[in-house]
Each structure stands twice: as structure tokens, then as C-alpha cells.
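Worksheet: one structure, shown below.
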Amino acid sequence: MGLQSQPYGIQGMLKEGHKHLSGLDEAVVKNIDACKQLSTITRTSLGPNGMNKMVINHLDRLFVTSDTATIVNELEIQHPAAKILVLAGKAQQEEIGDGANLTVSFAGELLQGAEDLIRMGLHPSEIIIGYTKAINKVVEILEGLVEGGSETMDVRNKDEVILRMKAAVASKQYGQESILCPLIADACIQVCPKNPVNFNVDNVRVAKLLGGGLHNCTAVRGMVLKGDTVGSIKKIEKAKVVVIAGGVDTTATETKGTVLIHSAEQLENYAKTEEAKVEELIKAVADSGAKVIVSGAAVGEMALHFCERYKIMVLKIASKFELRRFCRTTGCVALLKLGTVNPDDLGYVDSISVEEIGGARVTVVRNEEGGNSVTTVLLRGSTDSILDDLERAVDDGVNTYKALCRDSRIVPGAAATEIELARKLKEFSFTETGLDQYAIAKFAESFEMIPKTLAENAGLNAMEIISSLYADHAAGNAKVGIDLEEGACKDVSTLNIWDLFVTKFHALKYAADAVCTVLRVDQVF
């Protein structure tokens, strides 16, 4: 009896209750279906007219955004195949900082084409060969579409930077890019090192303060710290700074000891010696020429009293990361505890002042003359979710600046590049003789998803737009894209809509790689 109830075959080999999917219908098609569901979610957020998604994550935090990287991060996707697309989107976000939506949505469209081909009878291996040939050809065509003369640019030229940044910022904050781009460009140019390739995204900070509106946003050379100073001194100019990481207080000794006090006089003397010690430490700081003490931990009452007496401003920065940035801004070395201060360890600030912005007190640390290595973009908005979305737009702009410091080549935006790629790839598919020509043709068709989605999100007739684009491109106008405001096809060089070459290159490459990975799976355990 016991032997009869034993499962046989693969069921007998694996543990009880496992799932096993194999073959085209069960594994491949189900994987494709999961990925298609994900790309359907992200697709409606593509482009400047993209819709926002409202996502509530496992911590009950609300996100209202059209930023795909945030959406897929907070959705907590469980399906293993869909996770591959999420990873491709994350890779794009980390590499370039923009174009995650293009990666995920385009991958979903490629998988839709692959499913059609599988139903026609093609084997996944033939589709993978076709897609690999297609992406190699796409890279070749894409390099031919680069705008002449864009490979060399001055990364400190504000107009050129805004031109390349506009599309990335507009996709998050459509209509506000004319206010945001100059702000972001200013902030980036201020902290750009001598060798632009070494540009660090972390040097452009964002401070979000409720109230006001977009026109109140400013770029501050230096840092904006939320919170007040500890003492009564609220403003100081052209001062030397000392940073104490361990806190400004009387330090307890590491060994424990017992002090026997016999009389009130001895107790008084004991308190006085403590007082004298603290005064000696603060006086040593004052004698070194420092006018500001920045503490990384608690500030003792007695220490604060002597700081006030010697007219020293006291700031407290609890976050060690903020403390490091402060050291970078002022050029000082963080000391572990109060003691004799070496002049080389001191930093310098042009001014530190406490200002009230929108009901919140903030400490503004300005450093406009010296080695200015941190800039803060001060964002104002009516709600937290608006501020979060503005911050994402700024992040995208700063990441675009980092990308253009490495490669400043640009290609036509507004779906002009995609239609041209689709047209040339379709021609290339006719020259192939094997079954992979169908896969190459499907790859070319998938590019139509971008103009179609841009048009649909703007409420235009997608079919008319696509046929009109094809007609213009066939006539030799390779720079014709969609003007979403007028709902017509126009030359994008007159509209000044350009995309970075590296963004397109990586997005398409990651999408094709993710699709080939999903198609190679034939069994799921």
C-alpha cells in the first residue's frame, strides 16, 4: 500500500507541494504574460503626458509619481520573470539615472512580439538569435543618428546643458522644465570638478521645505540644514569652523573610579575643576581662531555656556553622512573629541545664518568663494508628494548631467529616433534569409510602441501620428517627431527636443538582454 501512494517521476524527485512548470505554454508563455502585465503598468507613465501612479508600500507610505524606478521598486514584485525586467530597469536607473520606463515598457513590447512568433510556430532560440542580430544593428543605426558636432561640448555652458537636460526633466515635471532646468544646471556647474568625468551626483543636495511654490525654489552654494543652531548666536560671517564628531561635552573616563569627598569645600573644588577643564577646552578652540563649533552628538549645558561666553556659534548635525558633507563643503577635518585644535584641521565658511522659510527654521551654510564642493537645491511645494516628485525630477536632471559629462552625444527626441530605427531595421529584416528575419521584423515593430504611447498619453490619434511619422521619415526627414502640444509631427531640431545617446543606448540594450533572458527559460521549479 505504501509503495502505491508514492509519487513517481519528477514529483518523486522534488519535495512535496512544489510547483513545476515546463514547456512553451506553461513556462514561456506564463513568464511572458507576467512581464507584459508589468510593462502595461509602466507604459501609461511614459513621456511628458504620462499618468501618475498611486502606490502604497508595505510601510503604508504613499507614493504619487510617474517615475518608473520608484513604481517598480515599491510594487514588491514576486514573479521571478517580471523581476528580471525590474532588475533591468534598476540597472538603467543606476547607470544613467533616466530611461527606466523605456527599458521596462520596450522589454514588455518585445515579449509581446515574441509571444506572437511562438504562436506562429517559431522556436524561442530562433527568436533570441533574431533579437540579438536586431539589437546589434540598432546600435549601429543609432550611432548614425547622432547629431553632428554634439560629441564635443563645454559642460560648463549652461545653455548646452539645459538643452540636453530638458527632455529628462520634462518627462517628470511637464511644463515646469523651464524653471527647474536652469536651477539644476546652475547647481551642477557650480560643483563640477576640473575633470568633468569625476562629477559626483552626491554633491548636489536637495532640501525640501513645505509651503511656497516652484518659483520660490533656489540653488544655494553650500548646505541647507533643517533645524536651528544650539546657542543664541544665529548669524556669523567669514568664520573658521571646527567639527567635533564625538560631541561637545565633558568626557567620561573609560575606567571607573570612586572619589571620596569629605567636606563641602572639596565638593565645591571638584565641581570647579570640572568647570575649569571645560573652559580650558573651549578657550583652546577660541584661541585657534574658530568661531563655529559643529557637533556630531550632544552638546553639554556647561560647554554651551562657555561657547556663549567666547561668542562661538554651536551647530548640531546628528547624521554622520550630513557631517561628512559639511566637512566637504567647508574643507575641515572632523576631530573625535574636544582638545587642542590644529590650524590645518579648521574649515572656512563665508556665512552661516538661521533663516525662516515657510514656517520652518533652517540653517544655511554658504561657501561661495572657497573650494565649493556641495550645492543644495532648495525645493518648495504645497504637499509632501509634490516635493518628492520634484526631488525625483532634480535627481534625473543631475544624473543626466553626470551622463553627459561622460558622453555628450545627442539624438533626436520625441519618438523621431524610434521611428527611424523601426524603418531602417524593417529594411534590414528583408535582407535576412533565415527564420530570424521574422524576429527582426517584430523587433522593428516594437519601436512603434513609443510614438503610439506618447500619442495616446497626450490624447491624440496614435494611428494617424505613426503613419504621418513614417511618411515624413520615408521622405528623408529623419528628425521629424511628435509635437505633443499641437498634436502634429514636426522637426524636433526646431522644437529643441533631444535625448542623450547613452540613455537610449543603455535602455535598448538592457531591454533586449532582459527579454533574451526571459525567453531562454523553459522550465520553472
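What's counted below: heavy atoms across the whole structure, side chains too, no hydrogens, waters or symmetry copies.
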Quick check: do [X] and [Y] have side-chain heavy atoms less than 4.5 Å from each other?
X	Y	result
I96	L500	no
K158	P182	yes
S171	D67	no
T453	S105	no
L180	L390	yes
Q93	D396	yes
V242	C332	no
D389	F63	no

Atom of [X], atom of [Y] and distance for their closest heavy-atom approach:
X	Y	answer
E143	R409	CG-NH1, 4.5 Å
L102	A507	CD2-CB, 3.7 Å
A414	I497	N-CG2, 3.8 Å
S66	S45	O-CB, 3.6 Å
L38	A82	CD2-O, 3.7 Å
C188	F199	O-CE1, 3.7 Å

Flag, side chain of [X] to backbone of [Y], donor-acceptor distance under 3.5 Å:
X	Y	value
R406	V197	no
T517	D513	yes
R366	R221	no
D499	A167	no
T417	P412	yes

Parallel, tilted or perpendicular, as decided by the 30° and 60° cut-offs, for the rings of F505 and F501: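 Ring orientation of F501 relative to F505: parallel.
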Nearest-0.5 Å distance that lies between atom CZ in R205 and atom CZ in R325: 3.5 Å
Donor-acceptor pair between K53 and T44 side chains, under 3.5 angstrom: yes
E418 and K504: CA distance, side-chain angles, deciding distance, side chain to side chain contact (heavy atoms under 4.5 Å, CB included) verdict: CA-CA 10 Å; E418 281 78 7; K504 281 266 189 287; 2.8 Å; yes
Using a strict cut-off of less than 4.0 Å between a Lys/Arg side-chain nitrogen and an Asp/Glu carboxylate oxygen, indicate whether [X] and [Y] qualify as a salt bridge.
X	Y	answer
K208	D384	no
R164	E160	yes
R61	E74	no

Test side-chain hydrogen bond (donor to acceptor under 3.5 Å, both in side chains) applied to T68 and T103, N101, D98, the passing residue: N101
Test log, rule side chain to side chain contact (heavy atoms under 4.5 Å, CB included), inputs Q190 and V204: CA-CA 9 Å; Q190 280 167 18; V204 179; over 6 Å; no
